[in-house]
Amino acid sequence: MQVIIRPTKEKASWLAARVIARDLRSKPDLVLGLATGQTMERLYGRLVQLHREEQLDFSLCRTFNLDEYIGLPPGDKNSYRYYMNHHLFDHVNIDMRNTFLPDGMAEDLGAECTRYEGLIHDVGGIDLQLLGIGRAGHIGFNEPLSALQSRTREKVLTPLTIEENSTLFEDPSRMPRRAFTMGVGTILECARLVVLVTGESKAKVLAKAVEGPITSMVTASAIQLHPNCTVICEEEAASALQEKEYYRWIFDNEPEWNDFRDL
Ligand code: F6R
């Protein structure tokens, strides 16, 4: 794992956008795994900017989102399909038929999970999966005690996740208590992970995920098992990390990051 600490949220988001853009340019039919949430809004803004100003081409890109609320139709303003259309898909030249999320209105929940895993399998797996980390320690909606080998399934959300996310609903009591989520095992099979974490409220959980023990109590700690994982954060989110000096040295010196330091 590599941890990159940028001075601001804006710079962290730019770096994540540039990493995605580089992979998309070198493989135009990239299979991109996407996340939602407040952290990603800035990043999607930068991807839209790269499309407009530098012709970043999404026409062949396929996308798979990590999760979707159960019981919300795609047109609901709080569904993750709506979020993706609003923040990214409507503003770039992606073919909507190549954008996939679990169907929150599926009648047979188990069959929907099997279908979603099958779709990922049929495209040959995800090349780059974008992840955020929730204060409950989750990646996707893999709440505490999610098996580290879990697959796409329905998950009951924790009170903390409900508290955090329900503020985005006009009527917080309307927030679903269940969601579909890719499993931790599904996520670990992606070829590359890019984790974007910003804000002081994430400092403790980021330290647990990156430097703490690997445990299903903090499913984000499973990223330590992945052979190609880049964590991008900013000073506030990084404030509880112990090895900051080492992480900084790598970013400042490793040739891999030469093109990214001046962003
Ligand atoms: C959402 C997702 C979640 C979020 C996490 C952080 O698709 O996968 O794991 O990334 O809850 O959300 P924010 O950025 O809103 O703090």
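Worth knowing before you read on, the calculation uses all heavy atoms, side chains too, and leaves out hydrogens, waters and symmetry mates. First listed ligand is number 1; within each ligand, the first listed atom is number 1.
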Practice task
Distance to 0.1 Å, residue and atom name: give those for the protein heavy atom nearest to atom 11 (O) of ligand 1.
Solution key: His138 NE2, 2.7 Å
Handout entry: Salt-bridge criterion met for Glu234 and Lys11 (N-O under 4.0 Å)
Key = no
Problem - Nearest-neighbour protein heavy atom for atom 10 (O) of ligand 1, which is reported as residue plus atom name and distance - result: Gly132 CA, 3.3 Å
Handout entry: Residues Arg62 and Asp122 bridged, charged N to O under 4.0 Å
Key = no
Problem - Residue, atom name and distance, where the atom is the protein heavy atom closest to atom 16 (O) of ligand 1 - result: Lys202 NZ, 2.7 Å
Practice task
Mind listing the closest non-hydrogen atom pair of Glu235 and Pro7 along with its distance?
Solution key: CG-O, 3.8 Å
Exercise for the section: Could you label the plane-to-plane angle of the Trp257 and Phe260 rings as parallel, tilted or perpendicular, counting under 30° as parallel and over 60° as perpendicular? Expected result: perpendicular
Completion exercise
atom 14 (O) of ligand 1 has as its nearest protein heavy atom Thr39 OG1, 2.4 Å
Fill in the blank from the handout: atom 8 (O) of ligand 1: closest protein heavy atom, distance to 0.1 Å, is Asp67 OD2, 3.1 Å
Practice task
Using a strict 4.0 Å threshold on nitrogen-to-oxygen distance, state whether Glu245 and Arg248 make a salt bridge.
Solution key: no
Completion exercise
For atom 1 (C) of ligand 1, the closest protein heavy atom turns out to be Thr36 OG1, 3.1 Å
Handout entry: Per-atom contacts of ligand 1 with Leu66, taking only distances under 4.0 Å to non-hydrogen atoms
Key = 8 (O)
Completion exercise
Sequence neighbours excluded, the answer for side chain to side chain donor-acceptor pair (under 3.5 Å) partners of Asp90 is none
Practice task
Examine the side chains of Glu254 and Gln2 and answer whether a donor and an acceptor come within less than 3.5 Å of each other.
Solution key: no
Exercise for the section: Look at atom 15 (O) of ligand 1 and say which protein heavy atom is nearest, naming residue and atom and giving the distance to 0.1 Å. Expected result: Gln38 N, 2.9 Å
Practice task
For the residue pair Phe58 and His51, categorise the inter-ring angle as parallel (less than 30°), tilted (30 to 60°) or perpendicular (more than 60°).
Solution key: perpendicular
Practice task
State if Ile133 counts as touching ligand 1 under the rule of any non-hydrogen atom under 4.0 Å.
Solution key: yes
Exercise for the section: Can you figure out which of Gly33, Gly134, Gly140 has its heavy atom closest to atom 9 (O) of ligand 1? Expected result: Gly140
Handout entry: Proximity flag Arg135 to ligand 1, non-hydrogen atoms under 4.0 Å
Key = no
